[in-house]
Amino acid sequence: GELGGAVSYKDADWNPRTDVTFTSHTDADGSWTPGVTKKLEVRTLKPDEFTFTLTGNWQNQSKTNSANGSVTFDAINYTHADIGKNYSDTIQETAGAETGMDYSGLVVTATVVITDKGNGELGVAVSYKDADGNPLTDLTFTNTYEADGSWTPGATKKLEGRTLKPDELTFTLTGNGQNQSKTNAAN
């Protein structure tokens with residue numbers, strides 16, 4: 001023989017239902033944690049020395065560099081509603097006013113494409129370009145520091161027992177590419 005059966009549906013109060021619809025919901029999610037690197041030429045980089053911003057698509061974050069130069073922004077989360085969408089965010093350094101510092105003019109545009117991986121996860125693909133639209137793989141902001149200045153060495157000679165005559169003694173400065181000779185003044 002054959003086995004037969006019938007299916008019936010009832011609501012919470014056990015009343016018969018004929019208009020039953022089953023809806024499946026997918027709560028796919030994914031995220032991207034933006035980050036760049038800070039490099040300082042000529043002198044040692046200090047923690048929290050330089051500030052970077054991430055703006056665009058509901059983002060307005062500001063972060064500083066770590067001692068090793070890494071700059072990590074807060075994660076940006078995406079949901080099922082973002083599938084098929086593209087987002088564009090901009091990362092740049094906030095130029096300071098330190099004398100001798102040549103700040104990086106790099107502007108990074110990150111394009112984020114959200115796809116459905118079909119397993120409850122989102123695909124979050126990120127590509128990077130500079131301000132001219134050229135693809136970037138190195139997200140390093142490099143500053144150069146150049147200090148300048150001068151020092152005028154001076155010395156005082158004191159002679160006891162008699163008066164010092166002008167140009168009586170010669171003093172020589174040597175080292176570090178220096179070889180200078182000067183004579184004393186009358187006082």
Side-chain angles (χ1 to χ4, degrees), residues 31-78 86-113 124-187:
S31 66
W32 168 54
T33 303
V36 296
T37 302
K38 179 66 194 169
K39 181 179 177 186
L40 180 58
E41 295 181 346
V42 181
R43 73 165 172 79
T44 303
L45 181 66
K46 300 173 196 162
D48 303 316
E49 185 173 8
F50 299 98
T51 302
F52 297 82
T53 59
L54 170 72
T55 57
N57 294 305
W58 75 87
Q59 296 301 310
N60 189 13
Q61 296 186 40
S62 180
K63 300 292 178 185
T64 58
N65 62 282
S66 67
N68 70 3
S70 65
V71 180
T72 305
F73 293 93
D74 297 337
I76 301 171
N77 298 309
Y78 301 96
N86 296 347
Y87 296 101
S88 180
D89 297 295
T90 302
I91 301 171
Q92 59 189 12
E93 179 179 9
T94 303
E98 183 175 346
T99 302
M101 186 67 67
D102 182 20
Y103 291 88
S104 173
L106 180 63
V107 176
V108 175
T109 299
T111 301
V112 183
V113 178
V124 181
V126 184
S127 60
Y128 303 94
K129 292 186 178 178
D130 66 16
D132 295 325
N134 301 310
L136 288 173
T137 54
D138 182 6
L139 304 179
T140 302
F141 290 76
T142 303
N143 289 5
T144 304
Y145 179 74
E146 291 186 22
D148 62 357
S150 63
W151 171 61
T152 304
T156 302
K157 175 66 178 170
K158 184 176 180 182
L159 181 60
E160 293 182 3
R162 72 172 172 86
T163 303
L164 183 62
K165 298 175 190 168
D167 301 319
E168 182 177 1
L169 301 172
T170 301
F171 299 89
T172 305
L173 173 66
T174 59
N176 251 358
Q178 297 294 315
N179 189 5
Q180 300 181 35
S181 292
K182 300 291 180 185
T183 58
N184 65 286
N187 57 3

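All of these numbers come straight from a predicted model, not from anything done at the bench.
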Report summary line: In short, T33 meets F73 closest at the heavy-atom pair CG2-O, 3.4 Å

Query - Heavy-atom closest pair, residues V126 and A110 - result: CG1-CB, 4.1 Å

Report summary line: Closest heavy-atom pair, S181 versus T170, reported as atoms and distance to 0.1 Å, is CB-CG2, 4.1 Å

Query - Criterion side-chain contact (heavy atoms from CB on, under 4.5 Å) on E93 and V71, from CA distance to verdict - result: CA-CA 11 Å; E93 179 179 9; V71 180; over 6 Å; no

Query raised in the report: Which value, rounded to the nearest 0.5 Å, describes the distance between W32 atom CH2 and D89 atom CG?
Result: 5.0 Å

Query raised in the report: How far does NZ of K158 sit from CG of N184, to the nearest 0.5 angstrom?
Result: 15.5 Å

Query - Trace of the side-chain contact (heavy atoms from CB on, under 4.5 Å) decision for N65 with L40 - result: CA-CA 11 Å; N65 62 282; L40 180 58; over 6 Å; no

Query raised in the report: Between W58 and Y87, does the ring centroid distance fall short of 6.0 Å?
Result: yes

Query raised in the report: Between atom CD of E168 and atom CZ of R162, what is the distance when rounded to the nearest 0.5 Å?
Result: 4.0 Å

Query raised in the report: Is the gap between the ring centers of F50 and F141 under 6.0 Å?
Result: no

Query raised in the report: Taking side chain as C-beta onward, heavy atoms only, is E49 less than 4.5 Å from T64?
Result: no

**Report entry** Minimum heavy-atom distance L45-S66, with the two atoms named
**Finding:** CD2-O, 4.0 Å

**Report entry** Nearest non-hydrogen partners of K38 and T142, listed with the distance
**Finding:** NZ-C, 4.2 Å

Report task. Determine, for E98 against K46, whether the closest basic-nitrogen to carboxylate-oxygen distance falls under 4.0 angstrom. Result -> no

Report task. Mind checking the CG-OG1 spacing from N57 to T90? Nearest 0.5 Å is all I need. Result -> 9.0 Å

Query raised in the report: Do the side chain of D132 and the main chain of N134 share a donor and acceptor less than 3.5 angstrom apart?
Result: no

Query raised in the report: About how many Å separate NZ of K39 and OG of S104, when rounded to the nearest 0.5 Å?
Result: 11.5 Å

Report task. Using only heavy-atom distances, determine whether the side chains of T144 and D102 contain a donor-acceptor pair under 3.5 Å. Result -> no

Query raised in the report: Of D48, D74, T51, which meets side chain to side chain donor-acceptor pair (under 3.5 Å) against K63?
Result: D74

Report task. Could you tell me whether a side-chain N or O of N68 sits under 3.5 Å from a main-chain N or O of S70, the two making a donor and an acceptor? Result -> yes

**Report entry** Contact summary for L139 and G35, nearest pair of heavy atoms
**Finding:** CD1-O, 3.8 Å

Query raised in the report: Could you go step by step and tell me if S31 and V124 meet the side-chain contact (heavy atoms from CB on, under 4.5 Å) rule?
Result: CA-CA 7 Å; S31 66; V124 181; over 6 Å; no

Query raised in the report: To the nearest 0.5 Å, what is the distance between CG (L136) and CG (L106)?
Result: 6.0 Å

